[in-house]
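Along the sequence shown, residues are numbered consecutively beginning with 1.
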Amino acid sequence: MSEPSRVPAAQATRDWWRGAVIYQIYPRSFADTNGDGIGDLPGVAAHLEHVASLGADAIWLSPFFTSPMRDFGYDIADYCGVDPVFGTLADFDAVIEKAHALGLKVIIDQVYSHTSDQHEWFKESRASRDNPKADWYVWADAKADGSPPTNWQSVFGGPAWTWDARRGQYYFHNFLSEQPDLNLHNPQVQDAALAAAKFWLDRGVDGFRVDAINFSMHDPLLRDNPPAPDTGAPRTRPFDFQQHIYNQSHPDIVGFLERHRELTDSYGGRFTVAEVGGPTPEAEMHAFTQGQGRLNSAYGFDFLYANKLTPALVKKAVETWPDAPGTGWPSWAFENHDAPRAVSRWADAEHRDAFAAMKMLLLMCLRGNAILFQGEELGLTQVEIGFDQLQDPEAIANWPLTLSRDGVRTPMPWRADAANLGFTAGKPWLPLGPDHADKAVDRQTSENSSLLNLTRGLIALRAANPALRTGAMEVLTADEALLVFTRVADEQALTCAFNLGKTPLAWHPAQPDRFRVLAAVNGAAPGSLPPYSGLVLEQIA
């Protein structure tokens, strides 16, 4: 078998973000300081030491912008404002200042696909067909029979067109009707989006996660989407019945991304990562990150909705991103604010603690950036939310067939014996997990063998070893339960072996006397991989 290419460490590590560990904060559920039951920016600032203690390189803040909160901040009414529920611009500046003092970079969301229908741009656009912003959103005449211009369906259910009597036209929305799509084909709209990005760059942010970027441009010819073949998978929304060829993913998106990269590069050391969803996003992810003139990275969905973690899944995901000139850099996450907790998806209750430790080692061993969602370092489980307590508009609309996103968005448990686990002095906006007290930060900090302390050690391991941080990766074995791969950079060569199953495995490195154990979880050792265990071996001369 050929040896993986060796990437010079100096070249691979010159960008701070390459191989970084990024900690996602969902502000609404992180920490509340004013007792209204909703997390806020002062709460973020107050707990940044926790993130710094993990050894993370950066935080990613989910939206905190001015919004009517129909989609909890992804419906933006002012790109350059902070919603009062989260605080003020001064509070955001305090987060930046404290994060930088702790050595943490700050990444924030940018949403260029759509705004809130309460945004001043949309209010002006809908007023008439000839105002200065008439073409800032996607408007179209009805068909002769009054029906919508195309058959496009929205992600959250129902047609992607809503009639507006002010203009006597339909407007397009890939998501909620309260989230009209911007017409990013319009150069003026691009200029306005870039001006918003510049506003935050000037305030000191270190990069952007670009939300739903593949939804940001439509087919101007307004052609109907063809039907999707029936794969046998459950289809709970009209959206699932179509191939999404014309309502999204227009090839001109890359031109806007090149303008965006030119802006961020002018500030130096900034990082950009694309969120690209869908059943087959790989081509777009590569297009959006190709070469040196587009986004730095793309955010993989390979693991976020997978029902099972398998060697084949890992192999397929990482081999999509070869260490080749012109290919972008991947970012991996097992959990986020939209996807259910991985330990609840991938392990039964009896094995969740062991599984959480193994999956943390695996995440830290993958080639690419590692993104942790708040509470993942604690092993938090998915919380069951009853219909009467649901907040998620998609789950409410499609109840009970769409899994609620609320179950992963529940409040962070800080102190096991405190009211509301230290999240708020008021009533939490979502209920806390019934088993989350035992996983609280204070309790795990005092337990040497806790997942929290293991995570700190594994992040330090990744930072200290160039092969883990930026090295090339080659999968050697990916059978039913055994996963073995190498990580190589400069003169360091590592072999990583994992048992993703419930049955013990015998596994021996080819030349056991030429390796030393760099890390092991759940009793793994050369020759023996217990259930849900992992091992990192370093080659010695």
Smallest separation among heavy atoms of [X] and [Y], with atom names:
X	Y	result
Val205	Arg270	O-NE, 2.9 Å
Leu529	Asn499	O-ND2, 3.0 Å
Ala56	Ile459	N-CG2, 4.2 Å
Ser29	Trp429	OG-NE1, 3.0 Å

So if I apply the side-chain contact (heavy atoms from CB on, under 4.5 Å) rule between Phe485 and each of Thr477, Val318, Leu476, Leu362, which one comes out positive? Leu362
Member of Val273, Thr272, Ile213 meeting the side-chain contact (heavy atoms from CB on, under 4.5 Å) criterion with Phe288: Ile213
Closer than 3.5 angstrom, by distance alone: can the side chain of [X] be matched with the main-chain N or O of [Y] as a donor-acceptor pair?
X	Y	answer
Gln110	Phe208	no
Asp57	Ile22	no
Asn420	Gly422	no
Thr470	Pro466	yes

Pair [X]-[Y], side-chain donor/acceptor within less than 3.5 Å:
X	Y	result
Asp442	Thr445	no
Ser331	Asn369	yes
Asp75	Ser67	yes

Can we call the ring centroids of Phe175 and Phe215 under 6.0 Å apart? yes
Ring geometry between His337 and Phe373 (parallel below 30°, tilted from 30 to 60°, perpendicular above 60°): tilted
Once the angle between the rings of Tyr299 and Phe301 is folded into 0 to 90°, is it parallel (under 30°), tilted (30 to 60°) or perpendicular (over 60°)? perpendicular
Report yes or no: is the cationic atom of Arg18 (NZ for Lys, CZ for Arg) under 6.0 Å from the centre of the six-membered ring of Trp329, at an angle within 45° of the ring normal? yes
Glu376 and side chain to side chain donor-acceptor pair (under 3.5 Å): which single residue from Arg341, Lys359, Gln24 fits? Lys359
Take a 6.0 Å sphere around CG of Asp353 and say whether it holds more than 12 heavy atoms from other residues, nucleotides or ligands. no
